[in-house]
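Quick note: numbers below take in every heavy atom, side chains included, and nothing from hydrogens, waters or symmetry partners.
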Amino acid sequence: MNLKTANFPLQVAIATLLYNVLHILAWELPIAVRLSWDVNIIGDIIVIAASTLGMILIAFGKKAGLILAVIPASWAIFFQWFIVYFILGYKEPNGVWWYPLFPIFQGINIVFFCILAYRNLDRQSLPEQKTGNGLRSPSYYLYAASAFL
């Protein structure tokens with residue numbers, strides 16, 4: 001299965017992981033390197049590697065890629081803000097208190113869309129049912145709305 005023939009939930013799962021990787025490369029990693037936040041550098045490198053491998057596996061329709069997406073999601077939702085800001089006590093360089101919410105919402109989106117894609121891969125083995133045109137769920141628009149955060 002390639003990206004042209006991939007179903008919509010798989011494409012959105014890949015998009016959420018790609019969006020997270022681009023955010024890390026453009027914002028988090030440069031700040032972590034500049035401020036010598038070693039734990040964040042290591043975490044970001046692990047997340048980039050897991051996300052890249054996950055996107056490749058998802059593109060081939062493998063459930064292992066969706067399961068591998070747990071690593072970047074758990075880093076974004078739980079570990080990054082807890083380790084970097086709470087345990088190590090680093091201050092947000094911009095001084096905004098709400099910045100940790102952005103990766104948390106990215107992680108929630110990764111989990112949400114990977115679960116949808118995982119369920120959809122299970123349904124592909126079933127005979128196709130006529131459900132009408134258009135999207136099956138309005139939840140696909142959640143990611144587009146969260147991109148503006």
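Note: Phe82 and Phe86 meet the aromatic proximity criterion, with ring centroids under 6.0 Å apart.
For the pair Val21 and Met55, the tightest heavy-atom approach, listed with the atom from each and the gap, is CG2-CE, 4.2 Å. For Thr52 against Ile48, the heavy-atom pair with the smallest separation is OG1-O, 2.7 Å. Of all heavy-atom pairs spanning Pro103 and Ala76, the tightest one is O-CB, 3.1 Å. For the residue pair Leu10 and Ala117, the shortest heavy atom distance occurs at CD2-CB, 3.7 Å. Considering every non-hydrogen atom in both Thr16 and Ala13, the closest pair reads OG1-O, 2.7 Å. Counting all heavy atoms, side chain and backbone alike, Gly54 lies closest to Leu68 at N-CD2, 3.6 Å.
Applying side-chain contact (heavy atoms from CB on, under 4.5 Å) to Phe60 and the options Ile58, Leu57, Ile56 leaves one that passes, Ile56. The only option from Leu66, Ile77, Ile115, Leu17 that meets the side-chain contact (heavy atoms from CB on, under 4.5 Å) definition with Ile110 turns out to be Leu17.
To the nearest 0.5 Å, the span separating CD on Gln106 from CG on Leu22 amounts to 9.5 Å. In this structure, CG in Leu29 is found 8.0 Å from CG in Asn40, a value given to the nearest 0.5 Å. Distance check, rounded to the nearest 0.5 Å: CD1 of Ile71 to OG of Ser51 gives 8.5 Å. Note that CZ of Phe113 is 5.5 Å distant from CG of Asn109, once rounded to the nearest 0.5 Å. Note that CG of Asp38 is 5.5 Å distant from CD1 of Ile41, once rounded to the nearest 0.5 Å. To the nearest 0.5 Å, atoms CG (Leu116) and CG (Leu121) are separated by 11.0 Å.
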Between Ile46 and Trp75, is a side-chain contact (heavy atoms from CB on, under 4.5 Å) present by the stated rule, with each step listed? CA-CA 9 Å; Ile46 291 170; Trp75 173 253; over 6 Å; no
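With hydrophobic clusters built from ILVMFWY side chains whose heavy atoms lie under 4.5 angstrom apart, Ile83 shares a cluster with Ile31. When hydrophobic clusters are built by joining Ile, Leu, Val, Met, Phe, Trp and Tyr residues whose side-chain heavy atoms come closer than 4.5 Å, directly or via intermediates, Ile87 is grouped together with Val47. Taking hydrophobic clusters as Ile, Leu, Val, Met, Phe, Trp and Tyr residues chained together by side-chain heavy-atom distances below 4.5 Å, Leu18 shares a cluster with Phe105. Note on Phe79 and Ile42: separate hydrophobic clusters, where clusters join Ile, Leu, Val, Met, Phe, Trp and Tyr whose side-chain heavy atoms are under 4.5 Å apart, directly or indirectly. Linking Ile, Leu, Val, Met, Phe, Trp and Tyr whenever their side-chain heavy atoms come within less than 4.5 Å leaves Leu53 and Ile24 in two separate clusters.
With contacts defined as side-chain heavy-atom distances shorter than 4.5 Å, the pair Ile104/Trp81 qualifies.
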